[in-house]
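Below is one structure, written out as structure tokens, with a few remarks after it.
Heavy atoms only: backbone and side chains are in, while hydrogens, waters and symmetry mates are out. Starting from 1, each residue takes its place in the sequence as its number. Every number for a ligand or one of its atoms is a count from 1 in the order of the listing. Please read all numbers here as calculations on a predicted model, not as lab measurements.
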Amino acid sequence: MSQISLFGEEKEEKQVVPGGKTVSVLVPYPVEKAYDYAVPKDLDLQAGDYICVPLGNREITGVVWGEGTGDVEPKKLKSVISKYPLKSMSGIHRKFIDWVANYTLSAKGMVLKMSLSAPAALNPPKPSIAYKKKISKIPDKLPEKRKKVLEVIAEGQAYSASELAEMAGCTASVIKGMAQKNLLEMVEVFGTAPCSYLNPDAGLHIDLSEQQNEAAQQIIEDIRADKFSVSLLDGVTGAGKTEVYFEGVVQALKNGKQVLILLPEIALSNAFLDRFKKRFGCLPALWHSGLGSAQRRETWRGVASGKTKVVIGARSALFLPYQDLGLIVVDEEHDPAYKQEDGVIYHARDMAVLRAHLGNFPIVLVSATPSLETIHNIWEGKYKHLELPARYGGAQLPDIALIDMREDKLERQKFLSRALIKALKENLEEGNQSLLFLNRRGYAPLTLCRGCGHRMECPRCTAWLVEHKRSGKLHCHHCDYHMKMPKTCPSCNEEECFVACGPGVERIFEEVREYFPDARVMVLASDTAESHEDLKSMLKKISDGEVDIIIGTQIMAKGHHFPNLTLVGVVDADLGLQGGDLRAAERTYQLLHQVSGRAGREAKKGRVLLQSWMPEHRIMKALAAGEREAFFDIEASEREMANMPPYSRLAGIIISGREEHIVRETAEALGKISPQGANEHGQRILTLGPAPAPFARLRGKYRYRLLVCADKNLNVQKTISNWISQIKIPSNIRIYVDIDPQSFL
Ligand code: ADP
Ligand code: ZN
């Protein structure tokens, strides 16, 4: 802790001069642009300043966006109230907000809102109480405990009561008592910004392999050159990609820059943070949705002041108002979790590339299974390709075998093949851990009446209700609807008539318990690990060897590293291929490859068994043979033939509302004047629909979709906003535009 002045500066309140200076101010509300406010005399404002302004009858926070534009009549002009004592938001960050709003067709104020995501951080932090030595000589007749305290305390240093109590091996009340007796002095201190002092030499020295070193040098050179570039760091799990980009972090720190490492939320594990700490001597500043308000405030302030040097966060960390960002790493760049599907709809990887471009610094995308978009950019020569071909230390990739489920002739309502059970048994006997992967929460995805065939559906969504034995309820996985398992069929009133169809992780758990009653089995899914803390402690149990068989959803697929996990069984490898999504094949490939990468990460060789009903499918074959390039080639040529991304650009238009006929009519009105054909530059556009969305009802709202497919050089944002502005949208209807959609539901 460092000691600074006792009180934060007060907000300054100033008088307005009629006809004086104005500034335009962006506020974190659904506004399209910045509006003018008058500047009181004596208040010195510059672009980027955080200020307090009146809006309606409230006082809110805004950011000075530039000079006044004269868009508000002088009579109606309201005045800025005060300015916060903070460093102003950088010009690049403001430009970024403008760009993201334009790109995603979102209200600019809503993008700003993502940057003002810790409102309490704007006010000066509250100091905490600390204790210093008040006397120079330790009196002889002092009780031992108090003597000890005075002995451990360094001259001139201030400590919190709990720190001091721990150092002296006493209770905090001893410390407080000593303050009353004038042996210690109470002072107010402010915490230092998180991750503000790093030591790049803290870690053990690691000798990079030749290939690792080559990749690291390229990244380092790019950072030294201090200009925009995009690299893909491409290598199997365990190839040492993290070690390599840590070298880039070191270089950016040497240049005095801030660094952002983006990770999919669930990969933000303790293990990763510990690893960072070992390497850099301090924990990184964290940013994700599970943070408490105190931590949010600290990270936000640290980033905005420029003191915090490294942030590790989920996608929203991209919108923190960095003072001087100089490197972004997007780990697991292919991960669908980078897409935000509500509010401002954006893809964090793509917006990160934009951020690096605006800031004119390098960005490193990292993956073992890059997205086709990224691979395509490499083929086009836009991105650099840094390849790490082997696992570090010669650890071998697991053997991947396909199990043809058509040949196994399973009993009804059983889901594990003989081959997989045998492998589990062997692995258990050898004392190793196994993972059964099934990307489906709950017990069974469909509950049906044996008598009349009635299916239990969500009353608010186009979706089946999923039985969860843990809660004894049927849950909708798309809204928060749930109900007790009914005793009788709501359609035919028959009793005890329900059949559970298909497996979820809970059902696999039951089956595993039947075969291996003595094994220690854990179900790891987002509903069994509800908080970050739960997840952390469950992962710890696994690494401490307290679990033999883990049954997990995709929460288990990411980044975790368990040396004793040597067998991975994929219960339903075909699952992701259903639904016919544009990226179904790509996603399945990535997910299964990633799950497979959990097997045998250290000395022990791993084994992967994929249960499939279509083992001849090109994805299954590519996975088993480890032929990634062949998979990309075929996938790319199919997309090219269909004129789909990355060879074109898509935009989804979703019309939603509570009254079905108004939703339909609005969608039809849009459909009638939808952009079609080629424009004067010969750039083509095609609009499909409207049609009811696959989730025709979601959370009680009806939904229709249109899909725009355009040549990549066409300004699709401009076309879409011109188009939509032509019709009057009823007030109870919402239209969402999803540029570069990942989901088509
Ligand atoms: P990836 O990010 O590609 O999955 P990691 O960077 O996590 O790979 O590396 C896998 C393991 O190998 C880690 O425990 C890492 O510390 C170790 N490792 C990688 N490269 C080296 C090296 N050159 N020297 C020592 N250990 C290394
Ligand atoms: Zn629902």
For this session: Within a distance under 4.0 Å of any heavy atom of Val236, pick out the atoms of ligand 1 and give their elements.
Result: 3 (O)
Problem set entry | N/O separation below 3.5 Å, Ala239 to ligand 1 | yes
Exercise. Between the side chain of Asp544 and the main-chain N/O of Glu546, is any donor-acceptor distance below 3.5 Å?
Worked result: no
Exercise. So do the side chains of Arg587 and Pro336 get within less than 4.5 Å of each other, counting heavy atoms only?
Worked result: yes
For this session: Could you tell me whether the Zn ion (ligand 2) has an N, O or S atom of His478 under 2.8 Å away?
Result: no
For this session: Report, in ascending order of atom number, the atoms of ligand 1 lying under 4.0 Å from any heavy atom of Asp207.
Result: 22 (C), 23 (N), 24 (N)
Problem set entry | Contact partition for Ile206 relative to ligand 1, non-hydrogen atoms under 4.0 Å | side chain
Exercise. Do Gln594 and His334 have side-chain heavy atoms sitting under 4.5 Å apart?
Worked result: yes
Exercise. What are the atoms of ligand 1, with element, lying closer than 4.0 Å to any heavy atom of Lys241?
Worked result: 1 (P), 2 (O), 3 (O), 4 (O), 6 (O), 8 (O)
Problem set entry | Residue part near ligand 1, for Leu388, under 4.0 Å between non-hydrogen atoms | neither
Exercise. Nearest non-hydrogen atom to atom 8 (O) of ligand 1 belongs to which of Ala216, Gly240, Ser209?
Worked result: Gly240
Exercise. Considering only heavy atoms from C-beta outward, does the side chain of Leu325 approach that of Ile328 to under 4.5 Å?
Worked result: yes
Seminar exercise, completed: At the Zn ion (ligand 2), SG of Cys476 and SG of Cys458 open up to roughly (10° bins) 110°
Exercise. Under 2.8 Å from the Zn ion (ligand 2), is there an N/O/S atom belonging to His477?
Worked result: no
Exercise. Side chain, backbone, both or neither: which part of Val366 comes within less than 4.0 Å of ligand 1 when only heavy atoms are counted?
Worked result: neither
Exercise. If you stand at the Zn ion (ligand 2) and look out to SG of Cys479 and SG of Cys461, what angle do those two lines make, to 10°?
Worked result: 110°
Exercise. Is it true that Glu247 and Arg279 have a side-chain N and a carboxylate O under 4.0 angstrom from each other?
Worked result: yes
Problem set entry | Pair Ser371, Arg349: side-chain N/O donor-acceptor within cut-off below 3.5 Å | yes
Exercise. Side chains of Tyr338 and Asp350: is there a donor and an acceptor less than 3.5 Å apart?
Worked result: no
Exercise. Are the aromatic ring centres of His482 and His477 under 6.0 angstrom apart?
Worked result: no
